[in-house]
Every structure is written in C-alpha cells, then in structure tokens.
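The structure appears right after this line, and notes come after that.
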Amino acid sequence: MADIIKLLPDHVANQIAAGEVVQRPASVVKELLENAIDAGATSIKLIIKDGGKTLIQVVDDGKGMSETDARLSFERHATSKISSAQDLFNLHTKGFRGEALASIAAIAHVDMQTRLEGSEVGTHIKIEGSKIVSQEVVAMPKGTSISVKNLFFNIPARRNFLKSNQVELRHITDEFHRVALVHPNIAFHFYNNGSEIFSLPKTKHRQRIAHIFGSRMEDRLVPVTEETEVVKISGFICKPEFSKKSRGEQFFFANDRYIKSPYLHHAVVAAFEGLIKTDMHPGYFLYLEVDPSSIDINIHPTKTEVKFDDENTLYAILRSTIKHSLGQFNVAPVLDFDHDPNLDTPYAYKEKDVVLPKVTVDASFNPFKETGTVSRVSRSFQKPSTKGWEGLYEGLQSDAEGDTFSSVVIESEGEEQGTLYSEDELAEHMATTFQLRRKFVVSTVKSGMLVIHQNRAHERILFEKFLGEITVKEGVSQQLLFPLELTFNKQDLGILNEIQESLSNIGFAFESLEHETVKVTGMPLAVPESGIGTVLDRLISDYKEGFSDGSLSQAEVLAKALSKNLAVKTGDVLDQESQLALVNNLFACKEPTLSPFQKLTYTIISEGDIDKKFS
Ligand code: ADP
Ligand code: MG
C-alpha cells in the first residue's frame, strides 16, 4: 500500500495553531503588547477599530528588528527569547514559544514596520494569510509598529463567532488593564475608533491603578508587602468597606504576568473573613514574585492558570500577609456590616441646611397600594421625604408611622385586574398578612396559605416596572436640587454612555463632564439620593456581567440589575401596608411565579397539606 501520511503545508499548520493562540481580538492585543514589552519599549500605543475586528495596531519604541529578523519573526517557532530547553526554566520574558506572530499572520492581514536603533531605515513587510505580499524599506522612528487588519478574514466561521464590537472591546480593555497594571514604568495610550480612551503616563503602581480605575480608587487602597524565601508579595488590597457585590477589581500577577488562581483568591477572601459580608467581593491587586523555576511556565499562551510548586505555603503566607495589612492600617475593626459608607450623606451636603425639594411627597401615599380609590393623581406631594429608600439599604427598622417604605416601591402600573382582594377584603386582609422571619410574607388565599418570598417577589415587581418604563419611556424623574457629581473610570463611563438612553427612560438624568466626572441631575423616584453612586456602580457591574452573555436585551439586563439592587432584602422589616401591597403588586405582574432570576417567588400550602400534618 502506498504511503498515505503527508506533512501539512506550513500555512495550514499555522492556521491550525492560530486557532489556539488567537481566540478573539483581545488575544492579538495581548500578544502584541507583550512583544512590545519584551522589546524594552518605554511607551506603547494601542489603536483599535471596531472592537479589533477591523484593526488592531500596536506601536512601540522598543529595540526593533533587523531586516532578517523581521522576516523570520513570522516563522513558526521563531523566537529570540530562548535557544535551549534549559532557558525555559529561567524565563524573564513574556513570550518564548515563537508562535504568536506566525499564528496572527496566518489569519489576518499584517503590516509590520520595524527599525533597529542603529539602522538608518526600517523594514516594512506586508503578510496576508502567511504569505509575504510586499517588503520595502521605510523611514521611521526606532521601534516597531504592527497592524493586524481583518482578523479571521480567511476563516469566516471564526469571524462570525466574534461578539459585538462592544463586547470585544471590553475583552480588549480587560487585556489592556492586565498588561498596564504590571508595567507602570511604561507609558500607554489606547485609542478606540479614533478617540483616546486611556492615557497612562509612566508612574508607580498605586497611581497606575488610579489612572485606570478612577482617582477615587487611590484612597481605597491599602498596601501589602511581604518578603519571604518562597515569595515576595507587593501590591494593594481595597479597604473592606469598598468591597463590591460583583467581582470587580481582582488581579493576581505572578512574575509580571496576569494569572488566575482560584486557590490564592481563596486565601485573600479568607483574610477578609469577618470583615465583609459573604456575598461581597474584596478588591485586590497583588503582585507575586517567585523563583521562575518554581512556577510551571509551560503554560498555554492563552491560558492564565499557573501551577506553583508550593501552593500551600503560598496560601498561608498570602493570607497572613493580607490579614496583617488589614490590621496594620487599622481597617480591621469595621464591623458595622450594614453600614455602607457610600450611602452616607455626601460630604458637601452635611453642612447644608435642609431645603424643601421642589418635589414633595404625600406622606400618606403608599405606592404599594394598588387600589383605584386612593387616587394616584394625588401624587401631589406635600412633605419632603427624609427617609425612605436609604432605610432599605440599612436594613429596615420597624416604623410605627409606616411610611419608611412609602417612597420605596413604586407600584406596578398594571390595571387592577389580577389583584387578589376586593376593596372590602383589603381591610380584612390588612390584619391577615404577616411577616415570617423577615423573609416571607404570609397570607391566606382561598385554597390555603400563601407564602411569598419578599425579596424575589419584589424583584419581580420592580423588574416588570422598569422593563415597562425602559420600553415605553415613562419613568418618573425626580430633579435634584443639588446635582451630584460622581466619578467613574473610563470603562465604566463607556458603559454609562451605552446605557444612558435606557437610564433616562426610567428617570435618570445626567450630563457628562470632563475628567471621568458625571453630573447627575435627576433620578428615578425609586432610588435614594444618597445611594445613587452605589446603585450606578452596581448597575454598571451587573450590566457588564449580564451583557457579556449576549442573549438578553439591554432593557432586560438593566431591569434585572435594577430590580436586584433595589428590591427589599431578606431581613428587611415590612409594615402591614407594605406587606399587603407586595402581595397585590406581585399578582398584578405578568409572570408572578418566578423572579427575574428564575427563582420561585411564592408557594401555596394547601389546606389539605396542613390537614395531613394533623392527621
Ligand atoms: P515570542 O514572543 O514567543 O518569541 P512571537 O511570535 O511573539 O514569539 O515573536 C517572534 C519574535 O519576533 C520575538 O522573539 C522577537 O524577537 C520578535 N518581535 C516580535 N515583536 C517584536 C517587537 N515589537 N519588537 C521587537 N521584536 C519583536
Ligand atoms: Mg510574543
């Protein structure tokens, strides 16, 4: 029989290899940035168009390449970084496999210009799908510029698989952050579709973090340092009170590479134990330095998981170091769990006299109430509400006047159909709802006992309300007498812009100012003024998470995030009226049975079931 094994042509082999190295535009960004850093650049520009699908360009002022090296760099396993297997155990560069450029060139149009410091002219090479299409000399500054255009032009299936430009940009931005955070001594500029979105001057770690994540980050950071034989640890943790509901800023770097390590993450969380609630996530930027031979570097280029030789020791050291920092900087005794400093009166307001807002509130108005008799027109407001939503955040205290809740929940605008009780029955039921363990609202219905999960039910009610408002644009806005100025980092500002229209539909009003600052001039009635920063922060981070799965509409993601953040929680005390309103509004919903997160909102325990217990 004839021999049947053939060697794959290089360009095919490269395409296959490319599939592993280049998963999306962000992978190209990572490889190009790393090459620029390995080349000793002091200033790096990243230029992106259309989420990297049209263009990814990295310009550096590093050492450049000779004409021969420029051509060779696109060959597979062409690397200047190792020459023997032994070198693998003492790596100080990011690249070493010599795979990236070959892989990228196999699946895109690549245009490279590079000049060595000593040379008079540089080399300009164009490659399309692994084929060199032109090579010329070029006058240029020292360094290298690589443009990658039309990614996956020859693999339509992969190209179609890419997400929206916004989502791809977000992945690129994440990659950019990871690289920029380890190299504060390198200046970075990042342009997206022609506008500069990050301008990071050469600086120190702490300032780099603030330049990326917003200046308010600076006073939230607590330094961490430790040096042992096994590891040198440096970096910062965020003070416990600035922990977030979503994962937020959590970064580990080992020997200047971003890594993921669920195990070490656990060590950090363990150090925060008792200082933050279990559903909150601490922020951290931790840089570990270990002997390169004690860490498994033979990792796949796109993977960020690493293997340390002595993980248990690292775990113990990390945990105690962080505990120590928390203690030393006096941040440990923040034991008031329910107190969120973000919700304190903003500094500037503390000194001000109370001024009657233009919009006043009818103290007797109970928004939960879904009856036609207390006319909704009487939302003519009379008295400034000084409490209200804040209470929700701090854990409601039972309030005799019963209006703690009044400004809390906006009723579902649904018609009365669907209410469980008639007008007459209302009075009767007033006395027959009660709260069980600050978690359930219990009432009776014809067939037995109704048990409602207060948090989930309220999420459902708010979800439908906000979804309605976003789509029909009828949210009620409350003008702020003193507009609030809030700062956001660039990425969050971008998201805010993306969702601005929906937010204004539900009653938010903003103007953007310079320098990461946004002026909030109005907000939905349902949001407490002092909590607005927190609500927006959470909204943005929930939106980031919710949207990257791509299956939900923007309106749904936002309505979900808002309902999650604004719903009453387990532990909140509900007065009688609010309990009843919760029941009524839930059953006025289109889909009362499930929360927006697909959890059961209520159950009915039938008389039969109860009878059985007594049999
Ligand atoms: P690796 O980084 O693993 O060595 P790459 O395919 O990323 O492999 O790059 C191949 C080689 O091309 C590098 O080893 C380096 O010598 C050279 N090179 C790539 N990018 C640059 C750059 N921006 N400046 C100077 N040399 C570069
Ligand atoms: Mg490389």
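Below, each value reflects all heavy atoms present in this structure, side chains not excepted, and no hydrogens, waters or symmetry copies. Note that ligands are numbered from 1 as they come in the structure, with each ligand's atoms numbered from 1 the same way.
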Next on the checklist: Once you restrict to heavy atoms under 4.0 Å, what part of Thr144 touches ligand 1? Side chain, backbone, both or neither.
Outcome noted: side chain
Checklist entry - Given side chains that start at C-beta, do those of Glu249 and Phe213 come closer than 4.5 Å, heavy atoms only? => result yes
Checklist entry - Strictly by modelled atom types, are Asp310 and Thr313 linked by a side-chain donor-acceptor pair under 3.5 Å? => result yes
Item to check | Nitrogen or oxygen of Leu101 less than 3.5 angstrom from that of ligand 1 | outcome: yes
Item to check | Test item, Asp60 contacting ligand 1 (heavy atom, 4.0 angstrom) | outcome: yes
Checklist outcome for this item: When distances are taken from atom 16 (O) of ligand 1, the protein heavy atom at minimum range is Ser80 OG, 2.5 Å
Checklist entry - Numbering the atoms of ligand 1 from 1, which are under 4.0 Å from a heavy atom of Ala100? => result 6 (O), 7 (O)
Next on the checklist: Working note: Asp61 + Lys142, criterion salt bridge (Lys or Arg N to Asp or Glu O under 4.0 Å); need CA distance, chi angles, decisive distance, verdict.
Outcome noted: CA-CA 6 Å; Asp61 62 353; Lys142 129 185 183 203; 6.0 Å; no
Next on the checklist: Give me the nearest non-hydrogen protein atom to atom 8 (O) of ligand 1 as residue plus atom name, then the distance to 0.1 Å.
Outcome noted: Gly98 CA, 3.1 Å
Next on the checklist: Tell me whether the rings of Phe251 and Phe285 are parallel (<30°), tilted (30 to 60°) or perpendicular (>60°).
Outcome noted: parallel
Checklist entry - Of the listed options (Glu75, Glu99, Met65, Glu31), which comes nearest to atom 17 (C) of ligand 1 when hydrogens are ignored and any heavy atom counts? => result Met65
Next on the checklist: If we count only N and O atoms by modelled type, under 3.5 Å, do the side chains of Asp256 and His183 hold a donor and an acceptor together?
Outcome noted: no
Item to check | Side chain proximity check, Asn35 to Leu101, heavy atoms < 4.5 angstrom | outcome: yes
Item to check | Protein contact to atom 25 (C) of ligand 1 [nearest heavy atom, distance to 0.1 Å] | outcome: Ala39 CB, 3.5 Å
Item to check | Exercise: do His189 and Glu196 side chains pair donor with acceptor under 3.5 Å | outcome: yes
Checklist entry - Taking atom types as modelled and ignoring hydrogens, do the side chains of Asp174 and Tyr258 form a donor-acceptor contact shorter than 3.5 angstrom? => result no
Item to check | Shortest protein contact, atom 2 (O) of ligand 1 (heavy atom only) | outcome: Lys81 NZ, 2.6 Å
Next on the checklist: Students should be able to answer this: which protein heavy-atom is nearest to atom 4 (O) of ligand 1, and at what distance?
Outcome noted: Thr79 OG1, 2.6 Å
Item to check | Residue and atom name of the nearest protein heavy atom (relative to atom 10 (C) of ligand 1), distance in Å to one decimal | outcome: Ala78 O, 3.3 Å
Checklist entry - Going by the atom numbers of ligand 1, which of them fall below 4.0 Å from some non-hydrogen atom of Ser73? => result 10 (C), 12 (O)
